[in-house]
Protein chains: 2
Amino acid sequence: MKEGPDIAHIAALIGDPARANMLTALMSGKALTVSELAEEAGVTIQTASSHLSKLDDGGLLRPRKQGRHKYFALASDEVAHVLEGLMGLAAGSGYLRKRTGPRDAELRLARVCYNHLAGDMGTQMFDSLVERGHLVLDGEELELTEAGVAFATGFEIDIESLRKARAPVCRECLDWSERRSHLAGSLGRAFLGRFEELSWAKRDQKTRVVTFTRNGAEKFNKLFPVT
Amino acid sequence: MKEGPDIAHIAALIGDPARANMLTALMSGKALTVSELAEEAGVTIQTASSHLSKLDDGGLLRPRKQGRHKYFALASDEVAHVLEGLMGLAAGSGYLRKRTGPRDAELRLARVCYNHLAGDMGTQMFDSLVERGHLVLDGEELELTEAGVAFATGFEIDIESLRKARAPVCRECLDWSERRSHLAGSLGRAFLGRFEELSWAKRDQKTRVVTFTRNGAEKFNKLFPVT
DNA sequence: TTCATAGTTCGATCTTAGTCGAAGCATTGG
DNA sequence: CCAATGCTTCGACTAAGATCGAACTATGAA
């Protein structure tokens, strides 16, 4: 009864529809302004401002001021992770917000989950990396092997600079649609970044959908084969 | 805005203090009656009943009727997993319900997390198993190796009967205190059960604390060494 | 300076939902 | 059959908080 952290407080923060919409929008990984988030949530700017300060107080967001704009992003991978978990529960209990439409299918195939690739293609990438020994689970953490470093470097990802940042390089993250792990962390982000640089895929501006070109999908499947 | 599952609904379910207390109580893994949960949450039986039916509708609980009692348990490991994640966020943002007292230290050392061992000793067990190659992350799932099966069998755990049940044998679960993985799933449950059978440890009835005897702790450390 | 845009704060309104008393079922035990 | 226990349903009360209009602050541009 009075043991452990105050779970109700932060769950209540996520539990308001307007705030949940904002958080969902931020799952795209991009930092958004107050006005953008207000529109996303379907409320006025005043209420959005109020909601955002509450979320910030709860430690769920990381605000950044830039000129006369104020950008908000999710505070950490952990926040994103919990949100995905909640989506999994919501999807599982059939509480879908929208009837499964074409948009939903696209989301299941490939979407952005706080800066990295999720959905069917996300888990394919993860499985492929593990299968070929580029990633291994070492104790609590996912680790990049020698072979994995070589592989990433060959794909023109600079592992060293990733390692200098404080954020963990590899993390696993559970899909709400696939219920399987995919690669998060700064390496996950770097991969997605490269896909965009190479024009294999691009993110939809408004939704979390990631669309691969035909050519990009082919290259992707060649790079991340699964048995 | 209208993509993805309805995260707000189930977050709101968890977001009420009374319901959060109930869920936290159920993290012990035991099934509890309506009256017990009412007391745990500090509300009358009527309100508890109302809350529980909502939680059930949301798919978070698995009810079971037995005579004139109605027992509730968490619906799945996934629910427990999300709850642990929320505790991690709450603990991280400093929203502790209670000042860190002796009870809190005990909780961090060893506690029950939905039927399996969590806390410092839980992660030690997990790390040790992985380090010695008894567990490996294979794609999406945690898998028990040949060596792992032999090890468990040597500890008088019947892996075959576990495999017959539908529930996954191995799962990883994230600690809110340690922020590291520990072993969940039916195997995790089996290990904890054996500890109790051997009188190495026993669970506190009211809290989630698991107390090891001096002898039990020694045996435990010998069985699950870490470098 | 003046205007425009981005956000915040304040105050009033109004809906939602948590709460409990009381009555109603259901199951067990004499 | 009647009493006791465990739980659910109903109805009324209440409080918390989401919402927005309007006024206010801050930054940037002309």
Side-chain angles (χ1 to χ4, degrees), chain A residues 1-2 6-26 30-73 75 90 95 97, chain B residues 1-2 6-26 30-73 95 97:
Chain A
M1 171 177 175
K2 35 190 174 311
D6 186 2
I7 187 182
H9 178 251
I10 83 142
L13 283 179
I14 308 175
D16 177 76
R19 288 194 291 259
N21 282 333
M22 294 178 179
L23 291 170
T24 306
L26 289 172
K30 293 192 299 189
L32 299 174
T33 65
V34 178
S35 328
E36 289 169 326
L37 288 165
E39 174 158 10
E40 204 68 43
V43 293
T44 63
I45 303 184
Q46 303 96 296
T47 52
S49 175
S50 154
H51 283 312
L52 288 167
S53 63
K54 283 173 191 169
L55 288 171
D56 188 18
D57 287 349
L60 298 181
L61 298 182
R62 177 180 307 150
R64 202 192 323 170
K65 287 188 84 167
Q66 223 165 84
R68 55 181 168 182
H69 293 273
K70 191 166 179 184
Y71 288 93
F72 285 94
Y95 266 91
R97 187 101 62 99
Chain B
M1 169 173 177
K2 34 192 176 307
D6 186 2
I7 187 182
H9 178 250
I10 84 142
L13 284 178
I14 309 174
D16 176 77
R19 286 194 291 257
N21 282 333
M22 295 178 179
L23 291 170
T24 306
L26 290 172
K30 293 193 300 191
L32 299 175
T33 66
V34 178
S35 330
E36 288 169 325
L37 288 165
E39 174 158 9
E40 203 68 42
V43 294
T44 62
I45 302 184
Q46 304 95 296
T47 53
S49 175
S50 155
H51 283 312
L52 288 167
S53 65
K54 284 173 191 170
L55 287 172
D56 188 19
D57 287 347
L60 297 181
L61 299 182
R62 178 179 307 150
R64 203 192 322 172
K65 287 189 85 166
Q66 225 165 81
R68 56 182 166 179
H69 293 273
K70 190 166 180 182
Y71 288 93
F72 284 93
Y95 266 90
R97 187 101 62 101

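Naming convention: chains lettered A, B, ... in sequence-line order (proteins, then strands); numbering from 1 in each chain.
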Using OP1 and OP2 only, check whether a side-chain N or O of [X] sits under 4.0 Å from [N].
{"X": "B:Arg68", "N": "C:dC25", "answer": "no"}
{"X": "B:Thr47", "N": "C:dT19", "answer": "no"}
{"X": "B:Lys65", "N": "D:dG6", "answer": "no"}
{"X": "A:Thr44", "N": "D:dT19", "answer": "no"}
{"X": "A:His51", "N": "D:dG17", "answer": "no"}
{"X": "A:Ser35", "N": "C:dG7", "answer": "yes"}
{"X": "B:Lys54", "N": "C:dA17", "answer": "no"}

Interatomic distance, B:Arg19 atom CZ to B:Leu37 atom CG [nearest 0.5 angstrom]: 13.5 Å
Gap separating the NE2 atom of B:His51 from the CG atom of B:Asp16, nearest 0.5 angstrom: 4.5 Å
Any side-chain heavy-atom pair from [X] and [Y] closer than 4.5 angstrom?
{"X": "B:Leu13", "Y": "B:Leu23", "value": "no"}
{"X": "B:Leu26", "Y": "B:Leu61", "value": "yes"}
{"X": "A:Leu60", "Y": "A:Ile14", "value": "yes"}

What is the distance, rounded to the nearest whole Å, between atom [atom1] of [X] and atom [atom2] of [N]?
{"X": "B:Leu52", "N": "C:dG18", "atom1": "CG", "atom2": "P", "answer": "13 Å"}
{"X": "B:Phe72", "N": "D:dC7", "atom1": "CZ", "atom2": "P", "answer": "9 Å"}
{"X": "A:Leu55", "N": "C:dT8", "atom1": "CG", "atom2": "C1'", "answer": "16 Å"}
{"X": "A:Leu61", "N": "C:dG7", "atom1": "CG", "atom2": "P", "answer": "14 Å"}
{"X": "A:His69", "N": "D:dT27", "atom1": "NE2", "atom2": "P", "answer": "13 Å"}
{"X": "B:Asp57", "N": "C:dA17", "atom1": "CG", "atom2": "P", "answer": "14 Å"}
{"X": "A:Arg19", "N": "D:dT19", "atom1": "CZ", "atom2": "P", "answer": "8 Å"}
{"X": "B:Ile45", "N": "C:dA23", "atom1": "CD1", "atom2": "C1'", "answer": "15 Å"}

Under-3.5 Å donor-acceptor pair between A:Gln46 side chain and D:dG21 base: yes
Sugar-phosphate, base or nothing in reach of B:Ser53, heavy atoms under 4.0 Å: nothing
Sugar-phosphate only, base, or nothing, as touched by B:Ala48 at under 4.0 Å among non-hydrogen atoms: nothing
Closest to the B:Val43 side chain, choosing from D:dT19, C:dT19, D:dT9: C:dT19
Closest to the B:Ala18 side chain, choosing from C:dT19, D:dA18, D:dC7: C:dT19
